[in-house]
Amino acid sequence: MKTLLDNQMRFHQAAFNLQAYRQELLASNIANADTPHYKARDIDFRSALQNAIRKGGQSGVALDTTHQAHIAAGGSAGAGSFVKYRNEYQSAVDGNTVNMDVERAAFAENALRYEASVTFISGMIRSMNTALTGQ
């Protein structure tokens with residue numbers, strides 16, 4: 001029974017982790033809107049989700065080594081490897097590529113998708129509970 005439940009939840013676990021990571025990236029972009037030479041970043045969500053599903057739902061950020069003598073953490077590339085710089089829509093004199101309209105829209109869309117995922121998984125758990133208890 002545990003395996004069936006785990007398989008049902010694996011996709012949602014990976015999606016939640018990636019959506020939370022993307023929300024952090026978007027919040028960072030918004031916070032650095034006035035920072036000179038800051039480059040806006042976003043995640044390639046589709047590729048990152050496919051990779052997380054292949055890995056079994058583990059979509060955390062991989063550890064990074066700062067020196068060649070460091071021992072590798074043994075994990076594969078995490079969500080951080082799917083982070084890309086966002087295309088520049090309008091040139092800024094200070095070299096900043098953050099477009100607040102794009103960032104706010106992406107932030108709101110990601111929050112809405114996260115909330116929809118939570119609602120869906122909540123309904124799924126409620127249905128499983130009803131099936132198990134028979135009420």
Side-chain angles (χ1 to χ4, degrees):
M1 184 65 147
K2 182 180 178 196
T3 306
L4 179 63
L5 182 61
D6 287 344
N7 289 338
Q8 291 285 328
M9 301 296 177
R10 184 171 294 125
F11 172 81
H12 296 289
Q13 176 188 5
F16 286 153
N17 290 340
L18 288 170
Q19 286 168 334
Y21 184 65
R22 183 170 188 233
Q23 203 73 351
E24 289 176 20
L25 285 174
L26 295 172
S28 177
N29 289 347
I30 292 170
N32 287 294
D34 294 328
T35 304
H37 304 291
Y38 182 82
K39 305 299 180 207
R41 300 177 304 153
D42 200 356
I43 192 167
D44 182 3
F45 190 81
R46 179 174 295 182
S47 299
L49 184 59
Q50 288 171 349
N51 183 55
I53 296 298
R54 278 195 304 270
K55 288 179 8 181
Q58 301 170 357
S59 60
V61 179
L63 295 178
D64 193 17
T65 58
T66 56
H67 191 271
Q68 62 187 4
H70 288 169
I71 298 173
S76 61
S81 64
F82 293 95
V83 174
K84 308 280 188 229
Y85 290 106
R86 193 176 295 244
N87 292 335
E88 186 175 353
Y89 292 100
Q90 184 176 358
S91 298
V93 176
D94 63 358
N96 189 309
T97 63
V98 175
N99 183 331
M100 286 301 288
D101 294 332
V102 171
E103 300 303 328
R104 282 188 202 117
F107 191 87
E109 177 190 9
N110 193 58
L112 187 64
R113 288 179 188 260
Y114 187 85
E115 188 175 338
S117 295
V118 169
T119 302
F120 181 77
I121 195 72
S122 176
M124 200 162 111
I125 291 172
R126 207 173 315 115
S127 297
M128 290 181 124
N129 190 29
T130 300
L132 291 172
T133 61
Q135 296 177 0

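Summarising the geometry of Asn96 relative to Asn32, their closest heavy-atom pair is ND2-O, 3.0 Å, with the distance given to 0.1 Å.
For the atom pair CD of Gln19 and CD1 of Ile43, the computed distance is 10.5 Å after rounding to the nearest 0.5 Å. In this structure, CD on Gln23 lies 4.5 Å from CG on Asn110, to the nearest 0.5 angstrom. Atom CG of residue Leu18 and atom CG of residue Asn51 lie 9.0 Å apart, to the nearest 0.5 angstrom. To the nearest 0.5 Å, the span separating OH on Tyr21 from CZ on Phe45 amounts to 13.0 Å. In this structure, CD1 on Ile121 lies 8.5 Å from CE on Met128, to the nearest 0.5 angstrom.
Applying the ring pair (Phe, Tyr, Trp, His ring centres under 6.0 Å) test to Tyr114 and every residue at least two apart in sequence or in another chain returns Phe16.
Within the hydrophobic cluster formed by Ile, Leu, Val, Met, Phe, Trp and Tyr side chains joined at under 4.5 Å, directly or through other members, Leu112 stands alone, with no partner residue.
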Compile the donor-acceptor pairs under 3.5 Å between side chains in residues 97-107 and protein atoms, sequence neighbours left out, one pair per line.
| unit_1 | atom_1 | unit_2 | atom_2 | d |
| --- | --- | --- | --- | --- |
| Thr97 | OG1 | Ala40 | N | 2.7 |
| Asn99 | OD1 | Asp101 | N | 3.2 |
| Glu103 | OE1 | Asn29 | ND2 | 3.1 |
| Glu103 | OE2 | Arg86 | NE | 3.2 |

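Salt bridge annotation for Lys84-Asp42: absent, with no cationic side-chain nitrogen under 4.0 angstrom from a carboxylate oxygen.
The environment of CG in Asn87 is sparse: at most 12 heavy-atom neighbours from other residues, nucleotides or ligands sit within 6.0 Å. In this structure, Asn129 places its CG atom where more than 12 heavy-atom neighbours from other residues, nucleotides or ligands lie under 6.0 Å away.
Within the 4.5 Å cutoff, no side-chain heavy atoms of Ser117 are placed close to those of Phe11. Contact annotation: the side chain of Gln50 never approaches that of Ile53 to less than 4.5 Å [non-hydrogen atoms, C-beta and beyond]. Lys39 places none of its side-chain heavy atoms less than 4.5 Å from the side chain of Glu88.
One hydrophobic cluster holds both Leu49 and Leu25 under the rule that ILVMFWY side chains link at heavy-atom gaps under 4.5 Å.
With hydrogens and angles left out, the side-chain atoms of Arg126 and Ser122 include a donor and acceptor closer than 3.5 Å.
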